[in-house]
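Below you'll find the structure, written out as structure tokens, and then a few comments.
Position 1 is the first residue of the sequence, and the numbers go up from there. Hydrogens, waters and symmetry mates play no part in the numbers below; they use all other heavy atoms, side chains included.
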Amino acid sequence: MTEQALRPHAEDAFAEELKALAAADDRPRPARWNMSPWAVATYLLGGALPDGTVITPKYVGPRRIVEVAVTTLATDRALLLLGVPGTAKTWVSEHLAAAISGDSTLLVQGTAGTPEEAIRYGWNYAQLLAHGPSRDALVPGPVLRAMAGGGIARVEELTRVPADVQDSLITILSEKTLPIPELGEEVMAVRGFNLIATANDRDRGVNELSSALRRRFNTVVLPLPSSVEDEVDIVARRVEQLGRALDLPPVPHGADEIRRVVTVFRELRDGITADGRIKVKSPSGTLSTAEAISVVTGGLALAAHFGDGRLRAADVAAGILGAVVRDPAADRVVWREYLESVVRERSGWKDFYRACREVGA
């Protein structure tokens with residue numbers, strides 16, 4: 001019996017939705033796509049099918065952003081998802097790959113130490129030493145496998161990859177071919193191949209993309225949620241999904257604490273309170289939606305295992321402090337000022353103020 005994965009790939013976690021969408025989809029499909037661009041957008045944005053199947057939203061944001069991203073992948077241009085941390089770049093790229101080609105695992109994780117072999121190919125050195133360069137000794141990377149199979153490859157954190165390694169993508173994206181000089185051969189991309197890269201707005205100075213490489217991408221900027229309601233909805237949905245995956249018992253009446261966490265993060269991010277009356281200092285961290293999800297999930301676990309089964313201010317206070325105070329000196333001052341000038345005076349937030357004071361004492 002196979003153990004259930006802690007975090008299944010998108011194509012496994014949402015297999016029923018993908019199957020229902022593909023069955024109901026009668027629109028034209030690009031070569032080797034599992035469904036039409038319309039169906040891919042519906043999978044990400046949510047909707048209801050004629051047979052009553054409900055497609056849950058995977059991304060809450062402007063519809064046009066998703067439509068442009070999907071349309072880009074139906075052309076010969078690669079897609080670059082750009083945004084600050086926590087804007088669901090990885091989440092969107094995974095679900096795009098799952099919906100289009102049914103495989104989100106052709107992934108290169110970009111770091112400062114990512115070698116060129118991770119993008120192109122490597123070698124089985126036992127085979128190489130025994131028999132010399134051959135197809136049997138070749139170890140294809142995720143991008144090469146996507147090219148050969150007409151699938152979608154993903155490169156995470158592209159701007160963290162060294163510049164010379166980044167540029168190994170230029171020939172792949174422009175000529176749709178990857179030379180293998182050791183064998184005197186080349187691999188030509190099959191129709192259906194494309195690439196999704198993600199990059200962090202705040203990492204532009206790490207290894208900025210060359211103009212030659214940037215021209216090979218159509219860039220789509222993923223914004224932070226535009227309203228409190230949107231962000232609360234995103235956090236609530238993801239916390240519910242994570243809670244099920246972690247076998248956490250459901251905790252009722254958590255909406256108020258989720259809204260408080262989101263409100264605190266947005267105000268500190270924006271540098272002003274929601275009513276526009278008080279300017280506040282922003283801490284050094286990003287305070288993204290992803291971090292809000294983490295804080296609430298941690299609070300959910302506390303409430304379920306060590307509380308009375310109801311998510312309360314005390315359950316999220318420690319997580320908020322850890323998310324806000326990244327620089328112990330500067331951020332702690334920012335947090336104390338916000339706590340005393342905003343939270344303390346806010347009607348209905350006395351329990352939250354006391355919980356945060358106790359944790360920070």
**Report entry** Connected via hydrophobic side-chain network under 4.5 Å: W91 and L158
**Finding:** no
**Report entry** Set of side chain to side chain donor-acceptor pair (under 3.5 Å) partners for S284, sequence neighbours left out
**Finding:** D331
Query raised in the report: Do E340 side-chain atoms and R336 backbone N/O form a donor-acceptor pair below 3.5 Å?
Result: no
Query raised in the report: Passes side chain to side chain contact (heavy atoms under 4.5 Å, CB included), E16 versus T53? Steps please.
Result: CA-CA 9 Å; E16 293 302 317; T53 301; over 6 Å; no
Query - Salt-bridge criterion met for E94 and R7 (N-O under 4.0 Å) - result: yes
**Report entry** Test item: side-chain donor near acceptor, T177 and E186, under 3.5 Å
**Finding:** yes
Query raised in the report: Is the closest basic N to carboxylate O distance between E231 and R269 below 4.0 Å?
Result: yes
Requested in this report: Answer yes or no: does atom NZ of K350 have more than 12 heavy-atom neighbours from other residues, nucleotides or ligands under 6.0 Å?
Outcome: yes
Query raised in the report: Should F217 and V143 be regarded as members of a common hydrophobic cluster, given that ILVMFWY residues are connected when their side-chain heavy atoms come within less than 4.5 Å of each other, either directly or indirectly?
Result: yes
**Report entry** Nearest atoms (heavy-atom pairs only) where F193 meets I172
**Finding:** CZ-CG2, 4.0 Å
Query raised in the report: Does one side chain, of S210 or Q166, offer a donor that lies under 3.5 Å from an acceptor on the other?
Result: no
Query raised in the report: With distance as the sole test, does R29 use its side chain to make a donor-acceptor pair with the main-chain N or O of N34 at under 3.5 Å?
Result: yes
Report summary line: Of all heavy-atom pairs linking I152 and S101, the shortest is N-OG, 3.7 Å
Query raised in the report: Of all heavy-atom pairs between P283 and V324, which one has the smallest distance, and what is that distance?
Result: CB-O, 3.7 Å
Requested in this report: Would you kindly confirm whether V228 and V280 end up in one hydrophobic cluster when ILVMFWY residues are joined by side chain heavy atoms under 4.5 Å apart?
Outcome: yes
Query raised in the report: Looking at L80, L106, L195, T198, which hits side-chain contact (heavy atoms from CB on, under 4.5 Å) with V155?
Result: L195
Query raised in the report: What do the steps show when you test L79 against L96 for side chain to side chain contact (heavy atoms under 4.5 Å, CB included), and what is the final call?
Result: CA-CA 11 Å; L79 173 66; L96 283 170; 3.9 Å; yes
Query raised in the report: What do the steps show when you test E229 against R259 for side chain to side chain contact (heavy atoms under 4.5 Å, CB included), and what is the final call?
Result: CA-CA 8 Å; E229 286 70 25; R259 182 170 289 275; 3.8 Å; yes
Report task. Keeping the roles fixed (side chain from R332, backbone from V325), state whether a donor-acceptor pair exists under 3.5 Å. Result -> no
Query raised in the report: Is any NZ, NE, NH1 or NH2 atom of the basic residue among R354 and E358 found under 4.0 Å from an Asp or Glu carboxylate oxygen of the other?
Result: no
Query raised in the report: Taking the side chain as C-beta and beyond, is there a heavy-atom pair between L73 and I100 under 4.5 Å?
Result: yes
Report task. Answer whether the closest heavy-atom distance between the side chains of V264 and W335 falls below 4.5 Å. Result -> yes
Query raised in the report: Do F352 and I320 come close enough that some side-chain heavy atom pair is under 4.5 Å?
Result: yes
Query raised in the report: How far apart are the closest heavy atoms of V161 and G110, and which atoms are they?
Result: CG2-CA, 3.5 Å
Query raised in the report: Has the side chain of K89 got a donor or acceptor atom that lies under 3.5 Å from a matching backbone atom of G83?
Result: yes
Requested in this report: Sort and list the pairs that fulfil ring pair (Phe, Tyr, Trp, His ring centres under 6.0 Å) and have at least one residue in residues 118-160, not counting sequence neighbours.
Outcome: Y121-W123
Query raised in the report: Do you know which of V261, D315, L242 makes side-chain contact (heavy atoms from CB on, under 4.5 Å) with V296?
Result: V261
Query raised in the report: Are any side-chain N or O atoms of R135 and backbone N or O atoms of L183, one a donor and one an acceptor, separated by less than 3.5 Å?
Result: no
Query - Electrostatic pair R277-E345, nearest N-O below 4.0 angstrom - result: no
Query raised in the report: Heavy atoms, side chains only, cut-off 4.5 Å: are R357 and L339 in contact?
Result: yes
Report summary line: Heavy-atom closest pair (I278 atom, S341 atom, distance to 0.1 Å) is CD1-O, 3.9 Å
Query raised in the report: Without hydrogens or angle criteria, can the side chains of S134 and D136 be said to hold a donor-acceptor pair below 3.5 Å?
Result: no
Query raised in the report: Could you give the distance from NZ (K58) to OG1 (T42), rounded to the nearest 0.5 Å?
Result: 10.0 Å
Query raised in the report: In a check of side-chain contact (heavy atoms from CB on, under 4.5 Å) between T90 and each of Q109, E157, E156, which one passes?
Result: E156
**Report entry** Nearest-0.5 Å distance, CG of residue D270 to OG of residue S282
**Finding:** 7.5 Å
Query raised in the report: Taking 4.0 angstrom as the limit, do E67 and R63 come out as a salt bridge?
Result: yes
Report task. To the nearest 0.5 Å, tell me how far T114 OG1 sits from I119 CD1. Result -> 7.0 Å
Query raised in the report: Can any side-chain N or O of R120 pair as donor or acceptor with the backbone N or O of P179 at less than 3.5 Å?
Result: yes
Query raised in the report: Just wondering, do L21 and D25 contact through their side chains at under 4.5 Å, heavy atoms?
Result: no
Requested in this report: Give the minimum heavy-atom separation between P62 and P223, together with the two atoms involved.
Outcome: CD-CG, 4.5 Å
Report task. Evaluate the side-chain proximity of T159 to L209: yes if any heavy-atom separation is below 4.5 Å, no if none is. Result -> yes
Query raised in the report: Roughly how far, to the nearest 0.5 Å, is the CD atom of E185 from the CG atom of L138?
Result: 8.5 Å
Query raised in the report: Is R160 reaching over with its side chain to a backbone N or O of G113, donor-acceptor style, under 3.5 angstrom?
Result: no
Query raised in the report: How about R238 and Q241: does a side-chain donor come under 3.5 Å of a side-chain acceptor?
Result: yes
Query raised in the report: Are side-chain heavy atoms of D76 and K176 found at a separation under 4.5 Å?
Result: yes
Query raised in the report: Would you say N194's side chain and A74's backbone share a donor-acceptor pair under 3.5 angstrom?
Result: no
**Report entry** L169 side, atom CG; L213 side, atom CG - distance, nearest 0.5 Å
**Finding:** 6.0 Å
Report summary line: CZ of R154 to CG of L107, rounded to nearest 0.5 Å, is 5.0 Å
Query raised in the report: Given the rule in the side chain to side chain contact (heavy atoms under 4.5 Å, CB included) test, do N218 and V68 qualify, once you have shown the distances and angles that lead to the verdict?
Result: CA-CA 9 Å; N218 187 29; V68 170; 3.9 Å; yes
Query raised in the report: In the single-linkage hydrophobic clustering (I, L, V, M, F, W, Y; side-chain heavy atoms under 4.5 Å), do L287 and I272 co-cluster?
Result: no
Query raised in the report: Quick one: ring pair (Phe, Tyr, Trp, His ring centres under 6.0 Å) pairs with a partner in residues 10-69, sequence neighbours left out?
Result: F14-H95, Y43-H95
Report task. Could you tell me whether a side-chain N or O of E17 sits under 3.5 Å from a main-chain N or O of I55, the two making a donor and an acceptor? Result -> no
Query raised in the report: Hey, are the side chains of E257 and R260 touching, using non-hydrogen atoms and a 4.5 Å cut-off?
Result: yes
Query raised in the report: Are V232 and L300 joined in one hydrophobic group, where the rule is that I, L, V, M, F, W and Y side chains link up if heavy atoms are under 4.5 Å apart?
Result: yes
